[in-house]
Amino acid sequence: MTDTRLPTLFIPHGGGPCFFMDWPGDPHMWDRMAAFLRRTGEALRPRAILIISGHWEEEAFTVNAQPQPSLLYDYYGFPPETYTLTYPAPGAPALAARVQQLLTDVGLPTAADTQRGWDHGVFIPLKVMYPDADIPIVQLSMLRGLDPQMHLRAGQALQALRDEGVLIVGSGMSFHNMRGFTPAFREPSARFDDWLADVADAGAIERNALLQNWQQAPHARDVQPHPDHLLPLMVAAGAAGADPGRRIYRDTVMNVVVSALAFGDFPSAQSQQVSP
(Lines give C-alpha, C1' and ligand atoms only; values in the text may rest on other atoms or scores of the structure.)
Protein backbone atom coordinates (compact mmCIF):
# COMPACT_ATOMS: atom_id res chain seq x y z
CA MET A 1 0.00 0.00 0.00
CA THR A 2 2.96 2.33 -0.33
CA ASP A 3 1.63 3.78 -3.59
CA THR A 4 -1.53 5.17 -1.96
CA ARG A 5 -2.26 7.40 1.02
CA LEU A 6 -1.98 5.34 4.17
CA PRO A 7 -4.52 5.58 6.99
CA THR A 8 -3.57 6.70 10.49
CA LEU A 9 -4.24 4.44 13.46
CA PHE A 10 -4.90 4.60 17.17
CA ILE A 11 -4.24 1.12 18.55
CA PRO A 12 -4.22 -0.49 22.01
CA HIS A 13 -0.88 -1.89 23.08
CA GLY A 14 -2.28 -4.07 25.85
CA GLY A 15 -0.96 -4.55 29.35
CA GLY A 16 2.82 -4.73 29.55
CA PRO A 17 4.14 -7.71 27.56
CA CYS A 18 0.68 -9.35 27.63
CA PHE A 19 0.90 -10.96 24.16
CA PHE A 20 4.09 -12.83 25.01
CA MET A 21 3.24 -14.54 28.29
CA ASP A 22 0.59 -16.66 30.00
CA TRP A 23 -1.76 -14.12 31.54
CA PRO A 24 -2.71 -15.09 35.13
CA GLY A 25 -6.27 -16.32 35.48
CA ASP A 26 -7.11 -16.19 31.77
CA PRO A 27 -4.40 -17.20 29.29
CA HIS A 28 -6.65 -16.09 26.42
CA MET A 29 -7.40 -12.61 27.78
CA TRP A 30 -5.45 -10.82 25.05
CA ASP A 31 -5.95 -13.25 22.16
CA ARG A 32 -8.51 -11.16 20.29
CA MET A 33 -6.45 -7.99 20.59
CA ALA A 34 -3.39 -9.84 19.35
CA ALA A 35 -5.40 -11.23 16.42
CA PHE A 36 -6.57 -7.72 15.53
CA LEU A 37 -3.03 -6.35 15.61
CA ARG A 38 -1.77 -9.27 13.55
CA ARG A 39 -4.43 -8.80 10.86
CA THR A 40 -3.76 -5.08 10.77
CA GLY A 41 -0.09 -5.72 10.10
CA GLU A 42 -1.00 -8.15 7.34
CA ALA A 43 -3.28 -5.57 5.72
CA LEU A 44 -0.92 -2.60 5.84
CA ARG A 45 2.62 -2.79 4.52
CA PRO A 46 4.18 0.67 4.88
CA ARG A 47 7.64 1.83 3.85
CA ALA A 48 8.24 3.02 7.44
CA ILE A 49 6.34 3.58 10.69
CA LEU A 50 6.10 6.71 12.82
CA ILE A 51 4.73 5.71 16.21
CA ILE A 52 3.68 7.81 19.20
CA SER A 53 3.54 5.87 22.46
CA GLY A 54 1.80 6.70 25.70
CA HIS A 55 5.10 6.09 27.50
CA TRP A 56 7.32 8.95 26.34
CA GLU A 57 6.94 12.64 27.19
CA GLU A 58 9.53 15.37 26.59
CA GLU A 59 9.79 19.16 26.73
CA ALA A 60 9.81 19.18 22.90
CA PHE A 61 8.41 16.77 20.34
CA THR A 62 11.40 14.43 20.25
CA VAL A 63 12.28 11.86 17.62
CA ASN A 64 14.29 8.75 18.24
CA ALA A 65 17.01 9.23 15.63
CA GLN A 66 19.08 6.10 16.19
CA PRO A 67 19.80 3.69 13.33
CA GLN A 68 19.26 0.68 15.64
CA PRO A 69 17.47 1.53 18.89
CA SER A 70 17.60 -0.75 21.90
CA LEU A 71 14.50 -1.77 23.89
CA LEU A 72 13.22 -0.38 27.17
CA TYR A 73 11.55 -3.06 29.28
CA ASP A 74 9.51 -0.43 31.06
CA TYR A 75 7.07 -2.78 32.73
CA TYR A 76 7.30 -4.33 36.15
CA GLY A 77 6.52 -7.63 37.85
CA PHE A 78 6.21 -9.79 34.74
CA PRO A 79 7.83 -13.21 34.03
CA PRO A 80 11.60 -13.23 33.41
CA GLU A 81 11.25 -14.24 29.76
CA THR A 82 9.44 -10.98 28.97
CA TYR A 83 12.65 -9.10 29.75
CA THR A 84 14.54 -10.94 27.04
CA LEU A 85 12.15 -10.15 24.17
CA THR A 86 13.86 -8.81 21.07
CA TYR A 87 12.71 -6.62 18.22
CA PRO A 88 15.62 -5.79 15.91
CA ALA A 89 13.77 -3.55 13.47
CA PRO A 90 15.91 -0.73 12.09
CA GLY A 91 15.52 2.89 13.02
CA ALA A 92 15.19 5.56 10.32
CA PRO A 93 17.36 8.62 10.97
CA ALA A 94 16.39 10.24 7.65
CA LEU A 95 12.69 9.93 8.50
CA ALA A 96 13.40 11.29 11.98
CA ALA A 97 14.98 14.37 10.40
CA ARG A 98 11.99 14.73 8.06
CA VAL A 99 9.61 14.60 11.02
CA GLN A 100 11.61 17.28 12.82
CA GLN A 101 11.55 19.52 9.77
CA LEU A 102 7.79 19.20 9.32
CA LEU A 103 7.21 20.08 12.97
CA THR A 104 9.70 22.95 12.90
CA ASP A 105 8.05 24.37 9.78
CA VAL A 106 4.84 25.00 11.75
CA GLY A 107 6.60 26.41 14.80
CA LEU A 108 6.44 23.38 17.07
CA PRO A 109 9.38 22.63 19.39
CA THR A 110 11.43 19.61 18.33
CA ALA A 111 14.49 17.67 19.38
CA ALA A 112 16.34 14.49 18.48
CA ASP A 113 17.37 11.69 20.83
CA THR A 114 20.13 9.21 20.08
CA GLN A 115 20.18 7.32 23.40
CA ARG A 116 16.69 6.24 24.41
CA GLY A 117 15.41 2.81 23.38
CA TRP A 118 11.92 1.96 22.19
CA ASP A 119 9.49 1.54 25.09
CA HIS A 120 6.95 -1.25 25.27
CA GLY A 121 4.27 0.94 23.69
CA VAL A 122 6.37 0.56 20.54
CA PHE A 123 7.96 -2.86 20.43
CA ILE A 124 5.15 -4.90 22.02
CA PRO A 125 2.37 -4.08 19.49
CA LEU A 126 4.75 -3.88 16.52
CA LYS A 127 6.24 -7.27 17.38
CA VAL A 128 2.72 -8.65 16.94
CA MET A 129 1.89 -6.61 13.83
CA TYR A 130 5.22 -7.00 12.04
CA PRO A 131 6.99 -10.00 13.57
CA ASP A 132 9.74 -10.02 10.91
CA ALA A 133 10.99 -6.68 12.29
CA ASP A 134 11.83 -5.52 8.78
CA ILE A 135 10.08 -2.13 8.64
CA PRO A 136 12.04 0.96 9.76
CA ILE A 137 10.58 2.72 12.80
CA VAL A 138 10.79 6.19 14.28
CA GLN A 139 9.27 6.91 17.68
CA LEU A 140 7.98 10.41 18.38
CA SER A 141 7.49 11.59 21.94
CA MET A 142 4.50 13.37 23.31
CA LEU A 143 4.89 16.93 24.52
CA ARG A 144 5.05 17.32 28.29
CA GLY A 145 1.85 18.86 29.59
CA LEU A 146 -0.23 16.70 27.25
CA ASP A 147 -2.05 19.61 25.62
CA PRO A 148 -4.53 18.08 23.13
CA GLN A 149 -4.34 21.04 20.76
CA MET A 150 -0.56 20.81 20.48
CA HIS A 151 -0.76 17.12 19.62
CA LEU A 152 -3.48 17.72 17.04
CA ARG A 153 -1.24 20.40 15.50
CA ALA A 154 1.67 17.98 15.43
CA GLY A 155 -0.46 15.44 13.61
CA GLN A 156 -1.62 18.04 11.11
CA ALA A 157 1.99 18.96 10.39
CA LEU A 158 2.84 15.32 9.69
CA GLN A 159 0.02 14.54 7.23
CA ALA A 160 2.32 14.55 4.21
CA LEU A 161 4.10 11.45 5.49
CA ARG A 162 1.00 9.41 4.69
CA ASP A 163 1.65 10.03 0.98
CA GLU A 164 5.27 8.96 1.43
CA GLY A 165 4.53 5.42 2.60
CA VAL A 166 4.75 6.18 6.32
CA LEU A 167 2.17 4.65 8.63
CA ILE A 168 1.37 7.01 11.53
CA VAL A 169 0.39 5.02 14.62
CA GLY A 170 -0.82 6.28 17.98
CA SER A 171 -0.15 3.54 20.53
CA GLY A 172 -2.05 3.83 23.80
CA MET A 173 -5.26 2.55 25.36
CA SER A 174 -8.77 3.97 25.08
CA PHE A 175 -9.17 3.00 28.74
CA HIS A 176 -6.23 3.63 31.07
CA ASN A 177 -7.05 3.79 34.75
CA MET A 178 -4.78 1.43 36.62
CA ARG A 179 -7.24 1.30 39.53
CA GLY A 180 -10.25 0.85 37.31
CA PHE A 181 -9.94 -2.61 35.77
CA THR A 182 -13.03 -3.80 37.66
CA PRO A 183 -16.64 -4.58 36.71
CA ALA A 184 -17.68 -1.20 38.14
CA PHE A 185 -15.87 0.52 35.27
CA ARG A 186 -17.35 -1.53 32.45
CA GLU A 187 -20.29 0.78 31.77
CA PRO A 188 -18.26 4.01 32.10
CA SER A 189 -15.63 2.60 29.75
CA ALA A 190 -18.31 1.62 27.23
CA ARG A 191 -19.87 5.07 27.27
CA PHE A 192 -16.54 6.81 26.80
CA ASP A 193 -15.63 4.37 24.06
CA ASP A 194 -18.86 5.06 22.19
CA TRP A 195 -18.12 8.77 22.47
CA LEU A 196 -14.71 8.18 20.89
CA ALA A 197 -16.30 6.25 18.03
CA ASP A 198 -18.79 9.09 17.40
CA VAL A 199 -15.99 11.67 17.49
CA ALA A 200 -13.90 9.68 15.01
CA ASP A 201 -16.84 9.65 12.61
CA ALA A 202 -17.40 13.42 12.84
CA GLY A 203 -16.12 15.96 10.33
CA ALA A 204 -12.57 17.13 10.88
CA ILE A 205 -13.42 20.53 12.39
CA GLU A 206 -15.96 19.07 14.82
CA ARG A 207 -13.71 16.11 15.58
CA ASN A 208 -10.75 18.29 16.51
CA ALA A 209 -12.92 20.57 18.65
CA LEU A 210 -14.32 17.61 20.55
CA LEU A 211 -10.91 16.03 21.04
CA GLN A 212 -9.50 19.30 22.38
CA ASN A 213 -12.25 19.16 25.01
CA TRP A 214 -12.17 15.42 25.62
CA GLN A 215 -12.51 15.97 29.38
CA GLN A 216 -16.17 16.80 28.76
CA ALA A 217 -16.86 13.32 27.38
CA PRO A 218 -18.91 10.87 29.49
CA HIS A 219 -16.80 9.50 32.34
CA ALA A 220 -13.67 11.01 30.81
CA ARG A 221 -11.69 11.32 34.02
CA ASP A 222 -12.82 7.91 35.26
CA VAL A 223 -11.47 6.34 32.09
CA GLN A 224 -8.39 8.54 31.60
CA PRO A 225 -7.35 10.09 34.95
CA HIS A 226 -3.97 10.93 33.36
CA PRO A 227 -4.36 11.08 29.58
CA ASP A 228 -0.93 9.86 28.53
CA HIS A 229 -2.50 6.85 26.79
CA LEU A 230 -5.12 9.00 25.03
CA LEU A 231 -2.86 11.72 23.60
CA PRO A 232 -1.38 9.47 20.88
CA LEU A 233 -4.89 9.52 19.42
CA MET A 234 -4.64 13.29 18.97
CA VAL A 235 -1.61 12.93 16.70
CA ALA A 236 -3.31 10.23 14.63
CA ALA A 237 -6.49 12.32 14.36
CA GLY A 238 -4.58 15.46 13.43
CA ALA A 239 -2.71 13.60 10.70
CA ALA A 240 -6.03 12.37 9.35
CA GLY A 241 -6.77 15.79 7.89
CA ALA A 242 -10.26 15.69 6.39
CA ASP A 243 -10.34 11.89 6.22
CA PRO A 244 -13.15 10.28 8.23
CA GLY A 245 -12.45 7.89 11.07
CA ARG A 246 -14.17 4.85 12.50
CA ARG A 247 -13.82 2.28 15.21
CA ILE A 248 -12.16 -0.83 13.82
CA TYR A 249 -11.87 -2.96 16.96
CA ARG A 250 -13.83 -3.19 20.19
CA ASP A 251 -13.52 -5.72 22.97
CA THR A 252 -13.71 -6.21 26.70
CA VAL A 253 -10.46 -6.99 28.48
CA MET A 254 -9.88 -6.97 32.21
CA ASN A 255 -13.55 -5.98 32.71
CA VAL A 256 -13.44 -2.80 30.60
CA VAL A 257 -14.10 -1.82 27.01
CA VAL A 258 -11.14 -0.98 24.78
CA SER A 259 -11.01 -0.14 21.11
CA ALA A 260 -8.95 0.94 18.10
CA LEU A 261 -9.67 3.68 15.57
CA ALA A 262 -8.57 4.23 11.97
CA PHE A 263 -8.72 7.40 9.90
CA GLY A 264 -8.69 7.22 6.13
CA ASP A 265 -8.75 4.13 3.93
CA PHE A 266 -8.50 1.13 6.23
CA PRO A 267 -9.33 -2.32 4.78
CA SER A 268 -12.84 -3.17 5.98
CA ALA A 269 -12.11 -6.87 6.20
CA GLN A 270 -9.56 -6.26 8.91
CA SER A 271 -11.99 -4.60 11.33
CA GLN A 272 -12.97 -6.65 14.34
CA GLN A 273 -16.01 -5.53 16.24
CA VAL A 274 -16.42 -7.61 19.38
CA SER A 275 -19.47 -7.16 21.55
CA PRO A 276 -18.39 -6.38 25.11
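Throughout, residue positions are numbered sequentially from 1 according to the sequence presented. Because the structure is predicted, anything quoted here is derived from the model rather than measured.
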Inset, instruction - Please state whether the rings of W23 and F78 are parallel, tilted or perpendicular, taking 30° and 60° as the class boundaries. - result: tilted
Inset, instruction - Hey, could you give me the CE/CG distance between M142 and D147, rounded to the nearest 0.5 Å? - result: 12.5 Å
Legend entry - Distance, nearest 0.5 Å, that separates CG of D198 from CG of D193: 10.0 Å
Inset, instruction - Test side chain to side chain contact (heavy atoms under 4.5 Å, CB included) on F266 and T40 and set out the steps. - result: CA-CA 9 Å; F266 183 82; T40 299; 3.9 Å; yes
Inset, instruction - Compare every heavy atom of H151 with every heavy atom of L146, then report the nearest pair and how far apart it is. - result: CA-CE1, 3.9 Å
Inset, instruction - Give the intermediate values and the outcome of side chain to side chain contact (heavy atoms under 4.5 Å, CB included) for residues D113 and W56. - result: CA-CA 12 Å; D113 183 287; W56 190 18; 4.2 Å; yes
Inset, instruction - Of all the heavy-atom pairs spanning P93 and A65, show the shortest one and how long it is. - result: CG-O, 3.6 Å
Legend entry - Heavy-atom check, side chain of I168 versus side chain of L158, under 4.5 Å: yes
Legend entry - Check: R116 main-chain N/O paired with N64 side-chain donor or acceptor under 3.5 Å: yes
Legend entry - Cluster overlap M21 with F19, hydrophobic side-chain contacts below 4.5 Å: yes
Inset, instruction - Could you tell me how the ring of H176 sits relative to the ring of H55: parallel (under 30°), tilted (30 to 60°) or perpendicular (over 60°)? - result: perpendicular
Inset, instruction - Could you walk me through whether L261 and L233 pass side chain to side chain contact (heavy atoms under 4.5 Å, CB included), step by step? - result: CA-CA 8 Å; L261 304 172; L233 166 61; 3.8 Å; yes
Legend entry - Nearest-0.5 Å distance, CZ of residue F36 to CZ of residue R38: 12.0 Å
Inset, instruction - For residues V253 and W30, determine if any side-chain heavy atom of one lies less than 4.5 Å from a side-chain heavy atom of the other. - result: yes
Legend entry - Residues which pass side chain to side chain donor-acceptor pair (under 3.5 Å) with D105, listed by chain and number, not counting sequence neighbours: Q101
Legend entry - Heavy-atom side-chain contact between D26 and M254 under 4.5 Å: no
Inset, instruction - Mind listing the closest non-hydrogen atom pair of L152 and M234 along with its distance? - result: CD2-O, 3.4 Å
Inset, instruction - Answer yes or no: is there a side-chain heavy-atom contact under 4.5 Å between Q156 and N208? - result: yes
Inset, instruction - Show your reasoning for whether side chain to side chain contact (heavy atoms under 4.5 Å, CB included) applies to Q159 and L102. - result: CA-CA 9 Å; Q159 291 184 62; L102 289 170; over 6 Å; no
Legend entry - F263 ring center within less than 6.0 Å of F10 ring center: no
Legend entry - Donor-acceptor contact below 3.5 Å, side chain S174 vs main chain S259: yes
Legend entry - Nearest atoms (heavy-atom pairs only) where L6 meets P46: CD1-CB, 3.8 Å
Legend entry - Pairwise side-chain contact, H229 with H13, heavy-atom cut-off 4.5 Å (strictly under): yes
Legend entry - Any F192 side-chain heavy atom under 4.5 Å of D222 side chain: no
Legend entry - Between CZ on residue R5 and CG on residue D163, distance to nearest 0.5 Å: 4.0 Å
Legend entry - Heavy-atom closest pair, residues M33 and V258: CE-CG2, 3.8 Å
Inset, instruction - Take D201 and R246 through the salt bridge (Lys or Arg N to Asp or Glu O under 4.0 Å) test and state the conclusion after the steps. - result: CA-CA 5 Å; D201 190 48; R246 61 190 175 94; over 6 Å; no
Inset, instruction - Assess whether atom CZ of R179 is packed by more than 12 heavy atoms of other residues, nucleotides or ligands within 6.0 Å. - result: no
Inset, instruction - Look only at the side chain of R162 and the backbone of A240, and say whether a donor-acceptor pair between them is shorter than 3.5 Å. - result: yes
Legend entry - Side chain T8, main chain A236, donor-acceptor under 3.5 Å: yes
Legend entry - Minimum heavy-atom distance P227-R221, with the two atoms named: CD-NH1, 3.8 Å
Legend entry - Straight-line distance of I248 CD1 to L9 CG, nearest 0.5 Å: 5.5 Å
Legend entry - D243/R207 salt bridge by N-O under 4.0 Å criterion: no
Inset, instruction - For the pair R47 (side chain) and E164 (backbone), establish whether a donor and an acceptor sit closer than 3.5 Å, ignoring hydrogens and angles. - result: yes
Inset, instruction - Without swapping roles, check the side chain of S141 against the backbone of A60 for a donor-acceptor pair under 3.5 Å. - result: yes
Enumerate, atom names and distances included, each donor-acceptor pair closer than 3.5 Å involving a side-chain atom of residues 123-136, sequence neighbours excluded.
from, atom 1, to, atom 2, distance (Å)
K127, NZ, T86, O, 2.7
Y130, OH, L44, O, 2.6
D134, OD1, R45, NH2, 3.1
D134, OD2, R45, NH2, 2.6

Inset, instruction - Could you check if a side-chain atom of F61 sits within less than 4.5 angstrom of a side-chain atom of L140, using non-hydrogen atoms only? - result: yes
Inset, instruction - May I ask you to test the L95-L161 pair for a side-chain heavy-atom distance under 4.5 Å? - result: yes
Legend entry - Distance (rounded to the nearest 0.5 Å) between S189 OG and L196 CG: 11.0 Å
Legend entry - Distance-only polar pair, side chains of D119 and Q139, donor-acceptor under 3.5 Å: yes
Inset, instruction - Output every pair passing side chain to side chain donor-acceptor pair (under 3.5 Å) with a member in residues 66-81, not counting sequence neighbours, ordered by first then second residue. - result: D74-H120
Legend entry - In one Ile/Leu/Val/Met/Phe/Trp/Tyr side-chain cluster, 4.5 Å: M173, M178: yes
Legend entry - same_hphob_cluster(I137, L85) at 4.5 Å side-chain heavy-atom cutoff: yes
